[in-house]
2 protein chains.
Amino acid sequence: MTGYLSPAMLHRNPELREGEGEEAHDPLFVRSVARAMGVLSAFHTTDRPLSLSEIARAAELDRSTTQRIVHTLRKLGYIQRDQYDQGYVPGIRIYDHIFDSMRLNRLIQRAVPYLLDLRSAVNERVDLSLIDDLRLVYTARFQPKSEVIHAMMVGLSVPIYCTSAGWAVLARLPEDRARDIIRRSERVSYTPRTLTDEDAIMERVAQAREQGYIAAAEQLLPGELGIGAAVTDSAGHPIGAVTITSLMSDWTLEEFDHAISPTLMQTVRALSTG
Amino acid sequence: MTGYLSPAMLHRNPELREGEGEEAHDPLFVRSVARAMGVLSAFHTTDRPLSLSEIARAAELDRSTTQRIVHTLRKLGYIQRDQYDQGYVPGIRIYDHIFDSMRLNRLIQRAVPYLLDLRSAVNERVDLSLIDDLRLVYTARFQPKSEVIHAMMVGLSVPIYCTSAGWAVLARLPEDRARDIIRRSERVSYTPRTLTDEDAIMERVAQAREQGYIAAAEQLLPGELGIGAAVTDSAGHPIGAVTITSLMSDWTLEEFDHAISPTLMQTVRALSTG
DNA sequence: TATACTGTATCGGCAGGCGATACAAAAGAA
DNA sequence: TTCTTTTGTATCGCCTGCCGATACAGTATA
């Protein structure tokens, strides 16, 4: 299951398209900044180092502008030449910002010991994700010793509309907001069993609201089972989710649900009353 | 050992100071981009959400410029209001770039299974780091089940001059380059045993060159033991390091060295001949 | 030898970023 | 309460510094 998620991530929110249509000029909007981030985002759709022209094409900029921005980002350490000087790759300075992001996120900081306990208890892969509009962004993965693939998945993102964790999150939102998220999602059938129909999805959401969690089979990857539950802030608004994942070769969905869900609920309850 | 590394990271390279002195104007340098990254870097020195004025102060910009850049970065998702709307924090979009960074780094991709094996074999904390001039940036941490603190340390950085992994890296560089790195480092005594003298450090480096690895005690944290070995590219240049860490309450340095180093060397040899 | 890429450097014009300024609302402080 | 400070937000003319066309040497691929 190495190649499934490559080269880019599974799901991406509709970008803020610069100069989209005749939208009024925003006097506070600094174009160069958006362009710079666009240059960095050029790497989202590749799995190898990029040349200047390739970056320009991906960022929809001319070569001159790209040259200047790449030059600047290189000086700052956000872009570097790849190991064999064959092209540009993201620079190491980005790690500093992820460090900040995690340090300053109370949920992530508090969650670590709980999630390690959870992994030990269930001996399956445990993931923590944060909500970003239409998707869930993975911020931490804790896996059992046996599993060696996909250990590093900080930053992976998955759609809300077709994941157990996503349904659990939708269950904590008002019906109209949930439906809005589903509608705005580009609903892809990742497997034959992926739900893409709004009402079918809302049925699962209803079940998630009733149970507090929800299990799902083969929504993103064939043979994959997942159980997700939402983490909420003190006002009850969802801010993230915890997912436990396993394989259909190890469990039936029902067995998995019965064995895992009580422990999972215990964890998210602890995390939600912060 | 929770608070040691807060709020900012342990070590930071001298930043490229914008407009430093009377340095010739670089016609390719885009000032706004540098300012934007400076705004994001404002969070490096805080452990709580920042107000606009605080960001402006940290980034050495006036409030107007800060306002415009923060506005832009917010629209793009790189900055957001904190959970209680009390200030600004880094946004979730940063995770996308870390994902790219890891995806496109061959070492990280290849290393994961090796490092998991290594952790299982030695049952101690295992870290992979990449070189960034004067420091090592942690990109992955694998820890034994028992340990629950500091699980999430992607992006943490430590100085080269006073860590076992750093010495191992210096051992793979020509003498003058190694000395240059030591000299340019701001050598802080994190503990009473921290080495800050250039020649004393180079002695350890020589030992590292001989052995292929090096052990160290209490260089960064009291009571901490570490063994580090460098990972090199096919040309023999160091690109990163693997560190195994434990506590003086569990081992003497000699025991630790004898028990751990053979397995560590096996791992870095496998990673270096890629 | 062509052809199409690399990465890099230069430069005049004018858009758009700069930063001073202003203001309502909220949070303390007296 | 009243005074003071800080919050986030909005406006606008000046002029700087970004824009992007253009050029060129070096290197693969054919």
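Labels below follow one simple rule: chain letters A, B, ... track the order of the sequence lines, proteins then strands, and each chain is numbered from 1. In this text, all values refer to a predicted model and were calculated from it rather than measured experimentally.
Aromatic ring centres of B/H97 and A/Y95: separated by at least 6.0 Å.
Remark on DNA chain C: of its neighbouring residues A/P27 and A/R57, the 5'-side contact belongs to A/R57, judged by nearest-heavy-atom nucleotide. Mapped onto DNA chain D by nearest heavy atom, A/S64 and B/S64 fall at different nucleotides, with B/S64 at the one closer to the 5' end. Nearest-nucleotide positions on DNA chain C place A/H71 closer to the 5' end than the other of A/H71 and B/I69.
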What do the steps show when you test A/R57 against A/D62 for salt bridge (charged side-chain N to carboxylate O under 4.0 Å, His left out), and what is the final call? CA-CA 8 Å; A/R57 201 174 315 127; A/D62 60 273; over 6 Å; no

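Partner of B/Y88 under the side chain to side chain contact (heavy atoms under 4.5 Å, CB included) criterion, out of B/E54, B/R81, B/Q80: B/R81 alone.
Taking atom CG of residue B/D85 and atom C1' of nucleotide D/dT7, one finds them 11 Å apart after rounding to whole Å. Remark: C1' of C/dA9 and CD of A/Q67 are 7 Å apart, rounded to the nearest angstrom. Regarding B/D26, its CG atom lies at a distance of 13 Å from the C1' atom of D/dC18, rounded to whole Å. If you measure from atom CG of B/L73 to atom P of D/dG8, you get 15 Å, rounded to the nearest angstrom. One interatomic measurement links the two molecules: CZ of B/R74 to P of D/dA10, which rounds to 11 Å at whole-angstrom precision. Straight-line distance from the CZ atom of B/R31 to the C1' atom of D/dC19: 15 Å, rounded to whole Å. Atom CZ in A/F29 sits roughly 15 Å away from atom P in D/dA10 (whole-Å rounding). Atom CG of A/L28 and atom P of C/dG17 are 11 Å apart (whole Å).
Taking the centre and axis of the six-membered ring of A/F29, the NZ or CZ atom of B/R68 falls outside the cone set by 45° and 6.0 Å.
Between A/S53 and C/dT6, a side-chain N or O to OP1/OP2 separation shorter than 4.0 Å is present.
Using modelled atom types, no side-chain atom of A/W167 and backbone atom of A/A208 make a donor-acceptor pair closer than 3.5 Å.
Counting only heavy atoms from C-beta on, A/Y88 has its side chain closest to C/dG7 among C/dG19, C/dG7, C/dG17. Distances from the side chain of B/D62 to the nucleotides D/dC19, C/dG19, C/dC18 place C/dG19 closest. Proximity note for B/T65 (side chain, C-beta onward) versus D/dT7, C/dC18, D/dC19: the nearest is C/dC18. The side chain of B/R81 approaches D/dG8 more closely than any other nucleotide in the set D/dG8, C/dT6, D/dT22. When distances run from any side-chain atom of A/V30 to the nucleotides C/dG17, D/dC19, C/dA20, the shortest one goes to C/dG17.
Between the side chain of B/R63 and the base of D/dT9 there is at least one donor-acceptor pair of N/O atoms closer than 3.5 Å. Evaluation of atom-type donor-acceptor distances gives a pair under 3.5 Å for the side chain of B/R68 against the base of C/dG19.
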